[in-house]
Amino acid sequence: MKNKLLYAYLAFSIIISGLSFSSCKDEPEGALYDFGGKDYVSFQKESELFAISSDTEEIIVDLYHLNSAISGSQVTLSAAFDDETTADIFTIPSQLSFTNTKAPVKIAINRDLIDVAQVYSFTITVTGGTEVSPLPSGIGSITVTVKSLLTYDELGEGLFSSEFFEETWPVDVLLAREAEVYRCKELYEEGYDIDFIVTESNEVIVPEQPAWE
């Protein structure tokens, strides 16, 4: 056992030494990878959740280009919306130009059409111009989810039955002042609440949650 620990320690030390040695070298200017003189773009992640206040009129998703030695790269964007209402609320630019390592995709919000009880979702995709990175980490589409920040009051204690865990446990339930949106405090894990919506037809909707990010 001691020999295994010693080998592990030596391997770890070698890795650390290698990293320290590499960091002492002069860093090359320009691209981190050799793309053959081309530039590529990528989103940082495949999805992003925004919780907006009542005066939020714009949200921003960053798109990155990977060859810092090239400037002026351009891309064409398209958007796919869950429904027509969502398309009327959010306006996405169709083209972007890079003057830095990233370009902000500025998404305008029509506040007059926002229903604070609803959660909206749409997908932005790079469809033309500079190509998406061929690296495994290259991301050409991002799904954006938008919900409203609400004010919650304590409603009482309820019982939650989980089919997955085959258990039932008590949970503190809150109700939003602005809409029929309920919150179960730390339903599965400490620090992570779960929100759900009850529609006028008593349909229960569980939208995208911060706990799932």
Side-chain angles (χ1 to χ4, degrees), residues 41-65 74-97 102-133 136-152 160 162-164 173-185 187-189 192-213:
V41 298
S42 177
F43 290 104
Q44 192 172 27
K45 46 191 174 182
E46 295 180 343
S47 63
E48 189 163 359
L49 173 64
F50 291 89
I52 62 173
S53 61
S54 58
D55 59 354
T56 301
E57 297 182 348
E58 182 182 83
I59 55 177
I60 294 177
V61 174
D62 287 325
L63 180 64
Y64 293 81
H65 81 125
Q74 296 183 336
V75 294
T76 302
L77 302 174
S78 67
F81 299 94
D82 283 355
D83 50 58
E84 291 184 5
T85 301
T86 305
D88 290 337
I89 293 173
F90 301 96
T91 302
I92 289 94
S94 59
Q95 290 188 320
L96 283 180
S97 296
K102 63 181 179 180
V105 182
K106 298 181 179 180
I107 304 165
I109 301 173
N110 186 338
R111 292 296 324 181
D112 295 335
L113 299 179
I114 285 281
D115 180 350
V116 296
Q118 298 302 313
V119 176
Y120 303 96
S121 182
F122 52 90
T123 301
I124 303 172
T125 302
V126 175
T127 54
T130 306
E131 297 176 19
V132 176
S133 168
S137 58
I139 302 172
S141 293
I142 184 170
T143 298
V144 178
T145 303
V146 182
K147 60 181 291 186
S148 295
L149 287 171
L150 302 175
T151 305
Y152 289 89
F160 176 75
S162 170
E163 294 182 0
F164 180 82
V173 181
L174 288 72
L175 174 62
R177 298 177 186 176
E178 299 87 350
E180 290 292 315
V181 180
Y182 297 82
R183 170 167 291 176
C184 294
K185 293 288 293 181
L187 184 59
Y188 291 105
E189 186 178 354
Y192 293 96
D193 305 329
I194 299 296
D195 297 342
F196 62 94
I197 301 166
V198 179
T199 66
E200 293 181 356
S201 59
N202 289 326
E203 179 186 5
V204 176
I205 301 174
V206 182
E208 187 78 13
Q209 307 286 327
W212 301 343
E213 285 288 296

Strictly by salt bridge (Lys or Arg N to Asp or Glu O under 4.0 Å), give each pair with a member in residues 51-61 just once, sequence neighbours left out.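 Found none.
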By the salt bridge (Lys or Arg N to Asp or Glu O under 4.0 Å) test, which pairs, at least two apart or in different chains, include something from residues 104-125?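 Listed by first then second residue: nothing to list.
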For a quick test of reading the model, state the closest non-hydrogen atom pair linking [X] to [Y] and the distance between them.
X: S53; Y: L149; value: N-CD1, 4.0 Å
X: A176; Y: Y152; value: N-CD2, 3.5 Å
X: A103; Y: S97; value: CB-O, 3.9 Å
X: F50; Y: I60; value: CZ-O, 3.4 Å
X: S137; Y: S42; value: O-OG, 3.8 Å
X: Y188; Y: F160; value: OH-CZ, 3.3 Å

Step by step, work out the side chain to side chain contact (heavy atoms under 4.5 Å, CB included) result for F43 and V126. CA-CA 9 Å; F43 290 104; V126 175; 4.0 Å; yes
Separation of [Y] [atom2] from [X] [atom1] (nearest 0.5 Å):
X: I92; Y: I124; atom1: CD1; atom2: CD1; result: 5.0 Å
X: F90; Y: S121; atom1: CZ; atom2: OG; result: 9.5 Å
X: Q118; Y: I197; atom1: CD; atom2: CD1; result: 5.5 Å
X: D193; Y: C184; atom1: CG; atom2: SG; result: 8.5 Å
X: I52; Y: S148; atom1: CD1; atom2: OG; result: 4.5 Å
X: I59; Y: I109; atom1: CD1; atom2: CD1; result: 5.0 Å

Residue from V41, L63, D62 passing side chain to side chain contact (heavy atoms under 4.5 Å, CB included) with K102: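 Only one option passes, and that is D62.
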Identified side chain to side chain contact (heavy atoms under 4.5 Å, CB included) partner of R183 from the options L175, I194, L174: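 Going through L175, I194, L174 one by one, the side chain to side chain contact (heavy atoms under 4.5 Å, CB included) with R183 is satisfied by L174 alone.
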Are any side-chain N or O atoms of [X] and backbone N or O atoms of [Y], one a donor and one an acceptor, separated by less than 3.5 Å?
X: T145; Y: L49; answer: no
X: T143; Y: T123; answer: no
X: T130; Y: Q74; answer: yes

Just jot down the salt bridge (charged side-chain N to carboxylate O under 4.0 Å, His left out) partners of E178, sequence neighbours excluded, or say none.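 Listed in chain order: nothing, the list is empty.
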Modelled atom types, side-chain donor and acceptor of T125 and S141, under 3.5 Å: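 A pair is found: one side chain offers a donor N or O, the other an acceptor, under 3.5 Å apart.
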Going by distance alone, is a donor N or O of one side chain under 3.5 Å from an acceptor N or O of the other, for T86 and D83?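 A pair is found: one side chain offers a donor N or O, the other an acceptor, under 3.5 Å apart.
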Set out, in order, the CA-CA distance, both residues' side-chain angles and the distance that settles side chain to side chain contact (heavy atoms under 4.5 Å, CB included) for I205 and T199, then state yes or no. CA-CA 8 Å; I205 301 174; T199 66; 3.7 Å; yes
Does the side chain of [Y] come within less than 4.5 Å of [X]'s, by heavy atoms?
X: T85; Y: L113; result: no
X: I114; Y: Y120; result: yes
X: V181; Y: K147; result: no

What class does the angle between the rings of Y182 and F196 fall in, given that below 30° is parallel, 30 to 60° is tilted and above 60° is perpendicular?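 Geometry flag for F196 against Y182: parallel rings.
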